[in-house]
Amino acid sequence: MSPEAHSAPRSLAEALRARDDASLAALLRSRPDLITPVPTDLTQLATRAGTRASVLRALERLDRFALQTAEALAVAADPASYDTLLGLMAGDAGDETVARALPRAVAALREQALVWGDDDRLRLVRTARELLAPSPQHPSPTGLGPTVQEATSGMSPGRIQEIVTAAGLPSTHDSVSAVAALTGLFTHRRKMAKLLAGAPEAAREVLSRLVWGPPYGQVTADPAAHLRWLLDRGLLLPTVPGTVVLPREVALHLREGRAHRAPEPLPPAVAPAATHGPQVVDATAAGQAYTALATVEELLKDWDEGGPAVLRAGGLSVRDLKRTAVALDVSEPVAAFWAELAYAAGLIASDGEADERYAATPAYDEWLELPPAERWARLARAWLAATRTPGLVGGRDAKDRTLSALGPGLDRSAAPEVRHRVLSLLAALPQGAAPDTESVLARLRWERPLRGAQRDGARDDDLRSRLARWTLSEAELLGVTGRGTLSSQGRALLGAPAAAGAPATPGADSAEPTGPGDKLPVHHHRTPERLVPLSPAEQGVAAAAAARLLAPLLPEPLDHVLLQADLTAVAPGPLRRPLADMLGVLADVESKGGATVYRFTPASVRRALDAGRTAADLHAFLTEHSRTPVPQPLAYLIDDVARRHGHLRVGAASAYVRCDDDALLNEILADKRAAALRLRRLAPTVLAAPADPATLLEGLRAMGYAPAAESAEGDVLITRAHAHRTPPRTAPEPVPDGPPPPDATLLTAAIRAIRAGDLAATAPRKPVGEPLAGGELPRTSAAETLATMQAAVLTGDSVWIGYVNAEGAASQRVIAPIRVEGGFVTAYDHTADEVRTFPLHRITGVAELADD
């Protein structure tokens, strides 16, 4: 036996044992479920890597060509040589593109421990073979059927000999040699060509229909002559009564050796659909970002004093979503997106009251105090990481219940990965290029073919395709893209290098920190083609860099408005916060756009007076912030409302009205519209009503009066706007797509622990005393244990021990004793990679390690 054959791994565990630490780290990084919890040794790691759930997860993360390679190995002999695999992928004629791409695919399968062994003995792990190999219940994606040996396993020896004779082969003495002879005929290209040359035309037509799958067909009890010709020669073999199958060897001959009709070694390119100037892209994206901020503020302002009620099952009702869409002047799906975005950013939540409603959180007030660019960065960062998927709103869940905005059932763990990948593909395009949507979807289907509903890519209604479409539209709404092209702030948000010809992104690839205490993430290993998702610390730095790029592009807030004679005010741009807040109380928004138009009405002026302002305050405010003189109609409106405001006072009796002018009270009593309030006079200046104060206030205001509420002490109650807030709430946590990828520290510690455990499990040892049943742990007397430990201290050798901890769990360890005293042995534990103290009475036995 050659040294190479002797050193070939005999199992996946041996193959893993031969890997270096970098290779093991790559495996654990690509399959993080293998490290949760950390395996005790490499044998346990190999066992876990072969479990069905773990293999399925690994297969779902393969690209189309790597998956096609695994599918080809599943229909090849086990083990198969690299040349055999190449023949299945490239066919008899060969394919240079496939030949160049195949080493990468095999390396990817090896890295993920789906394939092991040398190139002359490639083995697909058993679970993957079971999942991908053809069977009547689960046809192979290759369209191939069972081998001749598998298809004839239940056939009578006489029938097999008849097939061999009809095929022109000499008869044999047993079925095994007969099946081998038939297999040899079907895999011999020249002999098979000669056999098929004599086939009837109708028989060749049947073979052409079955060759690319499915390989099964139906026949009657008395088949036609051309079918009988195929059955007699084993070119079709019966499986169950009435069903025949095309043997794998015959199909491969007809396919000229190819396992797949169309191997796809290269990913489809993302084609640009249009090209725009970088300045146009950034300006458009900045405009969308400003609109996004204004829309979220308008939504939260609309819900400031208590938003829609929370459904019993959670979420917004259809009616409330429609009302919100009308208030924001957007469609219902877009309104659902803005509500979900604010929820993901932690700006809105349920107030938790008995009459549960949605409202702004305290974090919203903190968010409002941030500069506009930083507010946008917080929204964009929340969107990029969120697993909640607004596009599902209005659909149905598994129990046929409607999915509502802000309700349960909207989390999709694949959403962050798809968003990041779509934006990465945009980052790889030339500067200013907008992608063709269909080419993006085709690329995603190639990269994760098993994640979609259709493995052949014929349809685009799978979840990943829908997530990609939603990502493109949401990124445009949010200002991450402009005109379909990734903006500069979008690149910075991903941690991508700046586009060619564009200034470098601060905080992403610049050589110096961007602020005090900033630590820049290392992005040199990232390319636009495959950007690695950022860690939470890197995300914060990238978001800050994106905010710095966006800030100069946002319009500067204004400190003035233009008052007009028709009781309106025009804000030609965004207003500074104090001005915007006060104007929002004093007037109603009439129209939005490039300029916002506010209208002053008696109700809006009364609202400002209710908030504690006086007429003098309002005149001074308008004079200070208007570039035009205060129109006389507006001044008259303020004075007239202020003169009547508070003349009537409403308090709790249930409710009462008092006024120094008894003539005014007489007027109210005589008004027919006051009948519903059921007022009665208690004194010349006091009326009482059975209604509560709020109802009485609204009734009098509807009659055209301007009453003011008062406290039990008789003071005027000032109504402060925007007072309702939820208790402190945290933003919803994204639902992870499996275990998170381990960081470098965890990987290093895990590999050290696995290596140490493997050393303890595989180290050769000299048996001392009588071992336990099965030879799992050594068993020695207390005197022998003590003597061996003391000798090891003197010689500095390592020993193998069996140890039972305080919980009664037994384990085996390799230790290097340092000292033995007081019934304890202090030793360096190779398994735990640390110095530990072991009570001698818990050591079941000790054995010396073999010299080699």
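Computed from heavy atoms alone, side chains included, the values below leave out hydrogens, waters and symmetry copies. Fair warning: this is a prediction, and the values are worked out from it, not measured in the lab.
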Without swapping roles, check the side chain of [X] against the backbone of [Y] for a donor-acceptor pair under 3.5 Å.
X    : Y    : answer
T152 : M155 : no
Q44  : T40  : yes
S23  : R19  : no
T780 : V846 : yes
R110 : G117 : yes
S54  : T51  : no
R31  : A49  : yes
H260 : P263 : no
R421 : L444 : no
N805 : E807 : yes

Check the side chains of D462 and S465 for a donor-acceptor pair under 3.5 angstrom, ignoring hydrogens and angles.
yes
Which atom of [X] lies closest to which atom of [Y], heavy atoms considered:
X    : Y    : value
L237 : P247 : CD1-CG, 3.7 Å
L169 : A181 : CD1-O, 3.6 Å
R448 : E60  : CD-O, 3.2 Å
L236 : L231 : O-CD2, 3.4 Å
S140 : P134 : CB-CB, 3.5 Å
L210 : Y216 : CD2-O, 3.7 Å

What's the verdict on side chain to side chain contact (heavy atoms under 4.5 Å, CB included) for E201 and R204, showing C-alpha distance, side-chain angles and the deciding distance?
CA-CA 5 Å; E201 183 64 31; R204 287 197 292 268; 2.8 Å; yes
Could you walk me through whether L24 and R755 satisfy the side chain to side chain contact (heavy atoms under 4.5 Å, CB included) test, starting with their C-alpha distance in whole Å, then the side-chain angles of each, then the deciding distance to 0.1 Å, before giving a yes or no?
CA-CA 10 Å; L24 280 180; R755 294 282 193 201; 3.4 Å; yes
With the side chain counted from C-beta on, respond yes when [X] and [Y] share a heavy-atom pair under 4.5 Å apart, and no when they do not.
X    : Y    : result
V250 : L254 : yes
L102 : F65  : yes
L85  : V106 : yes
L73  : R123 : no
Q218 : T243 : yes

So how far is it from [X] [atom1] to [Y] [atom2], rounded to the nearest 0.5 Å?
X    : Y    : atom1 : atom2 : value
L34  : T47  : CG    : OG1   : 11.0 Å
S798 : D829 : OG    : CG    : 10.5 Å
L45  : L12  : CG    : CG    : 7.5 Å
D63  : Q68  : CG    : CD    : 9.0 Å

Residue list, side-chain contact (heavy atoms from CB on, under 4.5 Å) with W212, at least two apart or on another chain:
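For W212 the side-chain contact (heavy atoms from CB on, under 4.5 Å) partners, ignoring immediate neighbours, are R255, R258, R261.
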Tell me, please, which residues at least two apart from A202 pass side-chain contact (heavy atoms from CB on, under 4.5 Å).
H226
Walk me through whether T220 and L227 qualify under side chain to side chain contact (heavy atoms under 4.5 Å, CB included).
CA-CA 10 Å; T220 62; L227 292 176; over 6 Å; no
Between R52 and E130, is a salt bridge (Lys or Arg N to Asp or Glu O under 4.0 Å) present by the stated rule, with each step listed?
CA-CA 9 Å; R52 183 181 179 88; E130 292 171 355; 5.6 Å; no
Quickly, which of L132, L56, V55 forms a side-chain contact (heavy atoms from CB on, under 4.5 Å) with T127? Name it, please.
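Exactly one candidate clears the test, V55.
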Worked check of side chain to side chain contact (heavy atoms under 4.5 Å, CB included) between M192 and F186
CA-CA 6 Å; M192 267 297 283; F186 290 166; 3.4 Å; yes
Show, in sequence, the C-alpha distance, side-chain angles and deciding distance for R443 and E447, and conclude whether the salt bridge (Lys or Arg N to Asp or Glu O under 4.0 Å) test is met.
CA-CA 6 Å; R443 177 60 167 267; E447 291 181 349; 3.1 Å; yes
Could you go through E417 and R464, starting from their C-alpha distance and side-chain angles, then the distance that decides it, and tell me whether this counts as salt bridge (Lys or Arg N to Asp or Glu O under 4.0 Å)?
CA-CA 10 Å; E417 187 263 337; R464 283 177 62 84; 2.8 Å; yes
